[in-house]
Amino acid sequence: MAYTSTMSLDPALQPLTGVPSPSRDSIIIVEDEAPMLEMLTYGLMKEGFAVQGARSGEEGLALVGAKCPALVVLDLMLPGIDGLEVCRRLKADPGSTGVAILMLTARDGETDIVTGLELGADDYLTKPFSLGVLAARIRAVLRRREAPAAPADPERVAAGEIVLDRRRREVLVGGGAVDLTVTEFEILWLLAGHPGTVFTRSRIVDAVRGSEAAITERAIDVRLVGLRRKLGDAAGRIETVRGVGYRFGD
Ligand code: CA
């Protein structure tokens, strides 16, 4: 059973018949539990999104293919094709690989979260969560997606009191220079350059490979300890996401 909202605040956001056109506010929710799906659908509609729901992975894949939404809210616990498989198929299909994915996971779902992020999901929320938090996360993901691909200076990242200059390999915290190793610099460059994005250890390893011979996921944790110590008070910007990885606070 698919049910389609007809209460979008803006008629322009209604899904079109015929050729789908992506709308920046269009969302598809894939969730098998009817009360949860209904609650999320109406809640996100009230937040101004154009929302459609799917009750299974199969239905979700078909709906995404037909409607080309901006984002999919994807419950991982689904009968039949589970959420991770839906994520894998969406990312493998050129027609849907660009659609943002926000996963809904169980409290103890760290392994699934890591897998989903490595498959290309943008973010996740652990159940239970509030509608306000979900709406804020969706907006943050869509905002990150809209950020200009080429910043004014691709060799420079400024995040609050932390400024990184890639050309000079220079890090300033509150105006004072901080001496980082090459690996520490690369980790900070990755995290601070993508505020709000959770990086798994495996992704960090991929990003810093080359700066240090044979760095392991375990070694990433050790480098983070050193990096945080050098950043002093600014270290609070780097959040540990337990069981998953690290994120630079928005
Ligand atoms: Ca479910």
Side-chain angles (χ1 to χ4, degrees), residues 1-8 15 20 22-23 25-93 95-142 145 196-198 200 241-245 247:
M1 178 196 76
Y3 71 83
T4 301
S5 78
T6 52
M7 286 175 54
S8 173
S23 159
D25 292 318
S26 65
I27 290 176
I28 287 173
I29 304 172
V30 186
E31 164 67 270
D32 58 306
E33 292 155 61
M36 182 74 167
L37 179 58
E38 193 165 346
M39 190 268 285
L40 294 177
T41 301
Y42 287 100
L44 290 179
M45 281 165 54
K46 281 180 74 179
E47 294 280 346
F49 296 102
V51 187
Q52 288 185 281
R55 294 282 305 276
S56 69
E58 291 85 344
E59 197 184 299
L61 286 168
L63 200 53
V64 172
K67 302 297 179 187
C68 200
L71 183 141
V72 176
V73 175
L74 178 61
D75 186 36
L76 292 190
M77 294 279 284
L78 297 169
I81 302 176
D82 71 11
L84 288 177
E85 182 56 27
V86 172
C87 186
R88 188 175 288 116
R89 292 190 192 185
L90 288 176
K91 289 297 165 184
D93 182 340
S96 58
T97 190
V99 175
I101 298 176
L102 193 153
M103 305 178 286
L104 304 180
T105 73
R107 194 193 306 266
D108 58 353
E110 280 100 350
T111 312
D112 286 345
I113 293 167
V114 170
T115 305
L117 290 173
E118 285 171 3
L119 285 171
D122 293 80
D123 202 356
Y124 67 93
L125 266 183
T126 301
K127 291 179 175 181
F129 53 82
S130 75
L131 259 170
V133 169
L134 175 62
R137 288 292 191 88
I138 289 171
R139 290 197 181 94
V141 167
L142 295 178
R145 291 284 187 123
T197 300
V198 178
T200 63
V241 184
R242 202 165 61 86
V244 179
R247 161 169 57 199

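Both counts, for ligands and for their atoms, begin at 1 and track the order of listing.
Residue D32 approaches the Ca ion (ligand 1) most closely through its N/O/S atom OD1.
With respect to V114, the side-chain contact (heavy atoms from CB on, under 4.5 Å) criterion is satisfied by exactly one of T200, V241, L119: T200. Only one option out of V99, V64, T97 pairs with L90 in a side-chain contact (heavy atoms from CB on, under 4.5 Å); it is V64.
For the pair OE2 of E33 and OE1 of E31, the angle whose vertex sits at the Ca ion (ligand 1) is 80° to 10 degrees. Computed with the Ca ion (ligand 1) at the centre, the M77 O to D75 OD2 angle is 80°, stated to 10 degrees.
At distances below 3.5 Å, at least one donor-acceptor pair connects side-chain atoms of E31 with backbone N or O atoms of E33. At least one donor-acceptor pair closer than 3.5 Å links the side chain of S26 to the backbone N or O of A70.
Contact annotation: M36 places no N, O or S atom under 3.0 Å from the Ca ion (ligand 1).
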